[in-house]
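The structure under discussion appears below in the form of structure tokens.
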Amino acid sequence: MTDPTEALSFGAAAAEYDRFRPRYPEEALRWALDGLAAPARVVDLGAGTGILTRGVLALKHQVVPVEPDPGMRAQLAAATPGTTALAGSAETVPLPDGAADAVLVGQAYHWFDREPAHAEIARVLRPGGTFAPIWNVRYEGVDWVAELGRVAHLGDNAGNVVEKYADFGPAFTPVELGEFAHTATLTPEEVVAMLHTRSHWLTATPAERDRVDRELRELFATHPDLVGRATVELPYRTLVLRSRRR
């Protein structure tokens, strides 16, 4: 079980989270939902501010966002006209049995209490329905991106995701992996603002926040790939773990 303080730390930075966090490439969402004709009924579980919800809506599917944090739900409603998130969690989804053709999870699966969450997701999905957690993970094969992760204590990486989450339990078929490359163009100030929406920074002491910000400024001022740059290309790998309800 993850720390609920960290899991619910994002609401205080909901507007910044929605503005600076990377979007999901269309090809990744199409792969996650492969075989489902629009409009499919898609649950966005742990929907946050609606970044994934809006990506799926753009593909003409019906989306029901579910999110426990009231600050994130408010931001989702403000940024996604006509859509209101339901209050709920992965372990308690406020929907009837078999209500969904697919359950997607953007950046939130690692917060779930997995065993009860898997049972609840299986309950909500129709037989044959799709379950697909999705992550945008920085590509740390670039030197300055790896240094960024070290400074800001960003522990997520592609290896962690694939190794840790290889199985969704007996209700689901073996996991398939899809990987998609994309980039986000940000100013150095926007990179820092984006890092201020991460759980480590949000739950850190004032002294730790000061350390992170100081080392980030030093990184942008001294790294040869960053000095003098008005914008930078922050590379990502979008990972999709796709399974079907048996």
Side-chain angles (χ1 to χ4, degrees), residues 1-10 17 21-25 27-35 43-48 51-52 55 68 89-91 102-122 125 129-184 194-195 197-204 212 234-246:
M1 183 74 172
T2 55
D3 182 350
T5 303
E6 287 195 1
L8 295 175
S9 65
F10 301 104
Y17 187 108
R21 286 293 185 103
R23 275 44 186 166
Y24 300 96
E27 61 179 336
L29 300 183
R30 289 191 181 279
W31 189 85
L33 297 170
D34 183 53
V43 174
D44 180 4
L45 192 53
I51 293 172
L52 178 58
S89 68
E91 299 79 21
V103 174
L104 301 189
V105 184
Q107 293 316 110
Y109 178 72
H110 55 286
W111 298 116
F112 293 179
D113 190 350
R114 295 179 65 207
E115 188 171 333
H118 291 161
E120 188 71 341
I121 292 163
L125 277 172
T130 298
F131 174 43
I134 304 172
W135 287 265
N136 281 320
V137 180
R138 291 167 322 285
Y139 175 62
E140 295 196 339
V142 176
D143 181 71
W144 74 265
V145 180
E147 185 63 9
L148 189 78
R150 184 197 66 76
V151 168
H153 284 269
L154 306 177
D156 57 315
N157 61 55
N160 285 346
V161 167
V162 174
E163 291 165 13
K164 287 169 64 176
Y165 307 128
D167 181 84
F168 297 146
F172 294 94
T173 61
V175 173
E176 301 172 89
L177 171 65
E179 184 171 346
F180 307 86
H182 68 119
T183 60
M194 182 270 291
L195 295 174
T197 72
R198 302 285 304 206
S199 59
H200 175 81
W201 197 90
L202 289 167
T203 59
V212 169
L234 185 54
Y236 285 94
R237 296 292 183 271
T238 298
L239 304 179
V240 185
L241 302 183
R242 185 180 67 188
S243 182
R244 314 283 183 186
R245 187 194 185 284
R246 295 186 189 276

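These values consider heavy atoms only, across backbone and side chains, with no hydrogens, waters or symmetry-generated copies.
- Taking CD1 from Ile51 and CZ from Arg21, the interatomic distance works out to 7.5 Å, rounded to the nearest 0.5 Å.
- To the nearest 0.5 Å, the span separating OH on Tyr17 from CD on Gln107 amounts to 6.0 Å.
- Of the inter-residue distances, the one linking Ile134 atom CD1 with Thr238 atom OG1 reads 8.0 Å to the nearest 0.5 angstrom.
- Here the CG atom belonging to Leu104 is positioned 5.0 Å from the CG atom belonging to Leu33, to the nearest 0.5 angstrom.
- Between Val175 and Phe168, some side-chain heavy-atom pair lies under the 4.5 Å cut-off.
- Contact record, Thr130 with Leu125: O-CD2, 3.5 Å, taken as the closest heavy-atom pair.
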- Message: side-chain contact (heavy atoms from CB on, under 4.5 Å) for Trp31 and Glu176? Distances and angles first, verdict last.
- Response: CA-CA 11 Å; Trp31 189 85; Glu176 301 172 89; 4.0 Å; yes
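- When all heavy atoms are compared, the tightest approach of Asp113 to Glu91 is N-OE2, 2.8 Å.
- The aromatic rings of His118 and Phe172 sit perpendicular, their planes meeting at an angle over 60°, well past the 30° parallel limit.
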- Message: I'd like to know whether Leu195 forms a side-chain contact (heavy atoms from CB on, under 4.5 Å) with Val212, so could you lay out the CA-CA distance, the side-chain angles of the two residues, the decisive distance to 0.1 Å, and finally the verdict.
- Response: CA-CA 9 Å; Leu195 295 174; Val212 169; 5.8 Å; no
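- Scanning all heavy atoms of the two residues, the minimum distance from Leu154 to Arg138 falls at CB-NH2, 3.1 Å.
- Here the NZ atom belonging to Lys164 is positioned 12.0 Å from the CG atom belonging to Leu241, to the nearest 0.5 angstrom.
- In terms of heavy atoms, His200 sits closest to Ala152 at CD2-O, 3.7 Å.
- Taking every heavy atom of both residues into account, Val240 and Ala32 meet most closely at CG1-CB, 3.8 Å.
- At a threshold of 4.5 Å between non-hydrogen side-chain atoms, the residues Leu45 and Pro133 do not count as touching.
- In the displayed structure, Tyr165 atom OH is contacted under 6.0 Å by more than 12 heavy atoms of other residues, nucleotides or ligands.
- A salt bridge is absent between Glu27 and Arg30: the closest approach of a Lys/Arg side-chain nitrogen to an acidic carboxylate oxygen does not fall below 4.0 angstrom.
- Closest non-hydrogen pair, Pro174 versus Ser243, comes out as O-OG, 4.2 Å.
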- Task: Before giving the answer on side-chain contact (heavy atoms from CB on, under 4.5 Å), spell out for Met194 and Leu234 the whole-Å C-alpha distance, their side-chain angles and the decisive distance to 0.1 Å.
- Result: CA-CA 11 Å; Met194 182 270 291; Leu234 185 54; 3.7 Å; yes
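- Between the Arg245 side chain and the Ala122 main chain, a donor and an acceptor come within less than 3.5 Å of each other.
- For the pair Val161 and Tyr109, the minimum side-chain heavy-atom distance is 4.5 Å or more.
- In this structure, Tyr139 and Thr183 have side chains that are not in contact, with every pair of non-hydrogen atoms separated by 4.5 Å or more.
- By the 4.5 Å heavy-atom criterion applied to side chains, Trp111 and Ser199 are counted as neighbours.
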- Message: side-chain contact (heavy atoms from CB on, under 4.5 Å) for Tyr24 and His182? Distances and angles first, verdict last.
- Response: CA-CA 9 Å; Tyr24 300 96; His182 68 119; over 6 Å; no
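- With values rounded to the nearest 0.5 angstrom, Asp167 atom CG is found 10.0 Å from Thr173 atom OG1.
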